[in-house]
Amino acid sequence: MIRVYNTKTRSKVDFETLELGCVTMYVCGPTVYNYIHIGNARTFISFDIIRRYLTWRGFKVTFVQNVTDVDDKIIKKAGEEGRSAAEVAAEYTEAFIADMRAANVLDPDIRPKATEEIPEMIELVEQLIRGGHAYEVEGDVYFAVRSFADYGKLSGRNIDEMETGHRDLRSSGLEDRKRDSLDFAVWKAAKPGEPSWKSPWGQGRPGWHIECSAMSKKYLGTPIDIHGGGADLVFPHHENEIAQSESACGCTFANYWIHSGMLQINSEKMSKSLGNFLLLRDVLKTTRPEVLRMLMLQTHYRSPLDFSDERLSESEVALSRITNTVKNLEWLESNAQDIPSRLDIRALLTLIRETRNEFIFAMDDDFNTAGGLGALFAFVGDLNAAIADKTLSLSDLPAIRQARELIAELMGVFGIDLEGEQKAASYPPEVVGLAQKLAGYAGSDTAQAVLALLACRTEARSNKDWALADKVRDGLAAFDLVIEDTPQGPRIA
RNA sequence: GGCGACGUGGCCAAGUGGUAAGGCAGAGGCCUGCAAAGCCUUCAUCCCCAGUUCGAAUCUGGGCGUCGCCUCCA
C-alpha cells in the first residue's frame, strides 16, 4: 500500500484512488513570463518522479499540467519589452516545454493553456455567481470568501485572524470595491491594451486561481486523485482553487494535496535581489540532467533542498558509482568465458529480489527517493563485492544481466536513462573529431586506428616501456578516450 | 504577531519504539609498473532538559536554534 503525505490532513495516509488502478493528477504549471528557474524545476522533477513511480507500480496515470499564459506578470513584462503579452507568453511557453524535455521530464498527457480554455472559465464564474459565491463589481468578479465555510482548511488558516492581522498591508486600491478584504478576483475587467475576452461582465480576463479550477475540471473532472504544486502555492492559490471548485461542484475537489518543498541556493532563499537566481537552462549548460536529478533524489521531495555547486559535483561522483558498475557489468558480460561459475547465483538472485522490495518499500512510503536510492547503492556495493576480480562464466550471464537491468529499471523510475547517459558521455563532439583525426592519421577507419594504438601500448607495456605506454594513454585521454587497465587487459571507459 | 516545517557523523541525507541505510569527504590496507575502477577495514548514539516505556533518533511537554508561508512566487 502506497502512503502519501496529504497537506489537507497534514498526515501520511493510505493512497486509494477513485478508480481502481487509475490516477488522475493535476500539477500547477508555470506562469510563462520568464524562463523557468531551478526551483520550478525541483517541483516539476519531483512530480515527474511521482508520476513515473505510480506508472511503474502499475497505475494508469493521467497527468495534466497547465500553462498560465495570461497573467499580470506577463502583461507587465510585455509592457517593459514593448511587445504583446501573447508574444511573451508564446516565447516562454515554448522555452518551458524545451527546458522540461532537456531535464528529461515527461510531457504531460494534456498541457492546456489558460488562453485556450476561457469559455470553461467564464462558465465556472457564472456558476459561482448563480450559487451566491461570487459577485460582480464594474466588470470585475470577486469570490466571496465568507460564502465558503471551509475556507482555510487546506492551509490551516482562520479567516478572522487573517483579516485582522494584515488589513494594513493590503493597499491595492481595489479594497473598496470588494465586499470583504479577503475576497479575491476570479475575473478581471480589462484595462486598455491588455489581452481580453468577451464575457457577460464585459471585456476581461480570468483570475489566476480560476484557471486551474476550470482546467482541472475540464480534463479530469471532479474530484481528482492528486493535485500538486510547490509548497508556496498552498496559500492562497490552492486554498482559492478549493473554494472555487468545491463551491461550484458541491463535492471534494481533490483527495490528495501534495506539495514539494522549496529549493534554496547555498542555504539562502533564491531571489533576484540576492543575486542567486538560477535558471534551469543555465544550470543545464554545465550539468547533465541526470546529475541534477541525482542531487534532487537525495533529499525527500517535501524537505527544503539546498542547491550548491558542491552538492552538484558530489552528485556527479555518486552517479558515476552507479554508471561505473553498469559499465563494469557490461564489460564483464562481453568477456565472459566458458569456465565454471565462481559466483553464488542464488545469493545474487535473492539480492535482486530484496533490492526491488526495499526500493518499493521506501518509495511506497511517500515517495522516499533517498531511501530508494539507498537500496540501489547498497545493491551496487554488494554486486561489486560479488564480482570483484572475477571473470564471469557464460552460465552467469542470465543473472548478471538481470542485475544490470534492475539497476537500469530503477534508475529509469527516477527518470535517469543510463543508456542515454552513456551514449552522451561516450561521444562528445571532440571524440568525433579525434575519430576523424585518428582515422586520417592511421589511414584507416577510427576503430582500426584506436585498436592499433591499443595494441601498440599493450606491446610497450609488456616490454615495460612505461614511457611509451603512458604517452599513448595520455594522447588518447586528450580526446576523452580514457584507457583503464584491468587484469583481463585494457579497456576504454 | 499568526500558521507550519525542521534540527541525525567533516558535508549531504534515510530512518516503520528495540538498540543508527546510503552518498560525498577522511584514514589504513588489497589489487596495479603508474593511474583509473573496484574490494576490505575504519569513522555518530541522533540540539538541550524533563517525562511515558522493560526499551526512544523515533511518543509527550518545555526550552534553544534554523527555515518556510502569511504579498506575486514552483
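Naming convention: chains lettered A, B, ... in sequence-line order (proteins, then strands); numbering from 1 in each chain. Note that these values count all heavy atoms, side chains included, but never hydrogens, waters or copies made by symmetry.
Counting only heavy atoms from C-beta on, A:Leu233 has its side chain closest to B:A74 among B:A74, B:G22, B:A14. The side chain of A:Phe44 approaches B:A74 more closely than any other nucleotide in the set B:C3, B:A74, B:A35. For A:Ala370, counting side-chain heavy atoms from C-beta on, the closest listed nucleotide (B:C24, B:C69, B:A14) is B:A14. Relative to the side chain of A:Ala385, the nucleotides B:C34, B:C39, B:C11 differ in distance, and B:C39 lies closest. Side-chain proximity of A:Ala388 to B:G38, B:G33, B:C70: nearest is B:G38. Looking at the side chain of A:Arg157, the nearest of the listed nucleotides B:C34, B:C70, B:A37 is B:C70. Distances from the side chain of A:Arg311 to the nucleotides B:C12, B:A14, B:A37 place B:C12 closest. Looking at the side chain of A:Ala318, the nearest of the listed nucleotides B:G23, B:U16, B:C67 is B:G23. With B:G33, B:C72, B:G15 as the candidates, the nucleotide lying closest to the side chain of A:Arg461 is B:G33.
Nucleotide B:A74 holds its C1' atom 12 Å from the CD1 atom of A:Ile38, rounded to whole Å. As a whole-Å value, the separation of A:Met25 CE from B:A74 C1' is 14 Å. In this structure, A:Phe414 atom CZ and B:A14 atom C1' are separated by 12 Å, rounded to whole Å. The distance from atom CE of A:Met270 to atom P of B:G68 is 13 Å, rounded to the nearest whole Å. Note: CG (A:Leu292) to P (B:A74) measures 18 Å, nearest angstrom. Computed from coordinates, the A:Phe377 CZ to B:A13 P distance equals 15 Å when rounded to whole Å. For A:Met296 and B:G23, the CE to P distance is 22 Å, given to the nearest whole Å. Here B:C72 presents its P atom at 19 Å from CG of A:Asn34, a figure rounded to the nearest Å.
Counting all heavy atoms, side chain and backbone alike, A:Arg146 lies closest to A:Asp180 at NE-OD2, 2.8 Å.
Straight-line distance between the C1' atoms of B:A14 and B:G23: roughly 11 Å, to the nearest whole Å. Nucleotides B:G55 and B:U45 place their C1' atoms 14 Å apart, quoted to the nearest Å. Straight-line distance between the P atoms of B:A13 and B:U42: roughly 26 Å, to the nearest whole Å. Comparing B:C59 with B:C30, their P atoms are spaced 46 Å from each other, to the whole Å. The same atom, C1', is picked in B:C70 and in B:U58; the two are 31 Å apart, to the nearest Å.
As judged by a 4.0 angstrom heavy-atom cut-off over every strand, A:Ile387 is placed among residues making no nucleic acid contact. Within 4.0 Å of A:Glu358, counting heavy atoms only, lies no atom of the nucleic acid at all. Counting non-hydrogen atoms under 4.0 angstrom, A:Gly230 reaches the backbone sugars and phosphates but no base. Across all strands shown, A:Gly39 has heavy atoms under 4.0 Å from base atoms, whether or not it also approaches the sugar-phosphate. No contact: A:Asp71 has no heavy atom under 4.0 Å from any strand. No contact: A:Ser46 has no heavy atom under 4.0 Å from any strand. Counting non-hydrogen atoms under 4.0 angstrom, A:Thr299 reaches the backbone sugars and phosphates but no base. Looking at heavy-atom distances under 4.0 Å, A:Gly381 makes contact with sugar-phosphate atoms alone, never a base.
Within the shown strands, nothing qualifies as a pairing partner of B:C34 under the Watson-Crick or G-U definition with both distances less than 3.5 Å. With a cut-off of 3.5 Å on both pairing distances, the Watson-Crick or G-U wobble partner of B:C54 is B:G18. B:U42 is paired with B:G26 under the Watson-Crick or G-U wobble criterion, all donor-acceptor distances under 3.5 Å. When both distances must be under 3.5 Å, the Watson-Crick or G-U wobble mate of B:U66 is B:A5.
Using a 4.0 Å cut-off between charged nitrogen and carboxylate oxygen, A:Asp72 and A:Arg205 count as a salt-bridge pair. The pair A:Arg3-A:Asp365 does not count as a salt bridge, with every side-chain nitrogen at least 4.0 angstrom from each carboxylate oxygen.
Between A:Arg457 and B:C34 there is no side-chain polar atom (N or O) within less than 4.0 angstrom of OP1 or OP2. Checking the phosphate oxygens (OP1, OP2) of B:A36, no side-chain nitrogen or oxygen of A:Ser320 falls inside 4.0 Å. OP1 or OP2 of B:G23 sits under 4.0 Å from a side-chain N or O of A:Arg321. Contact annotation: A:Asn384 does not reach the phosphate of B:A37 (side-chain N/O to OP1 or OP2, under 4.0 Å).
Both the sub-6.0 Å distance and the 45° axial angle are not jointly satisfied by A:Lys12 relative to the ring of A:Tyr5.
For A:Pro304 and A:Ala375, each mapped to the nucleotide of RNA chain B holding its nearest heavy atom, the one lying further toward the 5' end belongs to A:Pro304. Comparing A:His300 and A:Ser155, the nucleotide of RNA chain B nearest to each residue sits closer to the 5' end for A:Ser155.
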Do A:Leu383 and A:Thr325 pass the side chain to side chain contact (heavy atoms under 4.5 Å, CB included) test, and can you show the C-alpha distance, the side-chain angles, and the key distance before you say yes or no? CA-CA 8 Å; A:Leu383 195 55; A:Thr325 293; 4.3 Å; yes

Going through the checks in order, is the side-chain hydrogen bond (donor to acceptor under 3.5 Å, both in side chains) test met by A:Glu91 and A:Tyr33? CA-CA 9 Å; A:Glu91 177 187 343; A:Tyr33 67 104; over 6 Å; no

Does A:Glu16 form a side chain to side chain contact (heavy atoms under 4.5 Å, CB included) with A:Tyr256? I'd like the steps, not just the answer. CA-CA 9 Å; A:Glu16 289 177 55; A:Tyr256 300 94; 4.0 Å; yes

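At a threshold of 4.5 Å between non-hydrogen side-chain atoms, the residues A:Val70 and A:Glu211 count as touching.
In the interface, the side chain of A:Asp365 is not paired with the base of B:G15 through any donor and acceptor atom under 3.5 Å apart. Remark: the A:Asp306 side chain and the B:C12 base include no donor-acceptor N/O pair separated by less than 3.5 Å.
Residue-environment remark: CD (A:Glu409) exceeds the threshold of 12 foreign heavy atoms within 6.0 Å.
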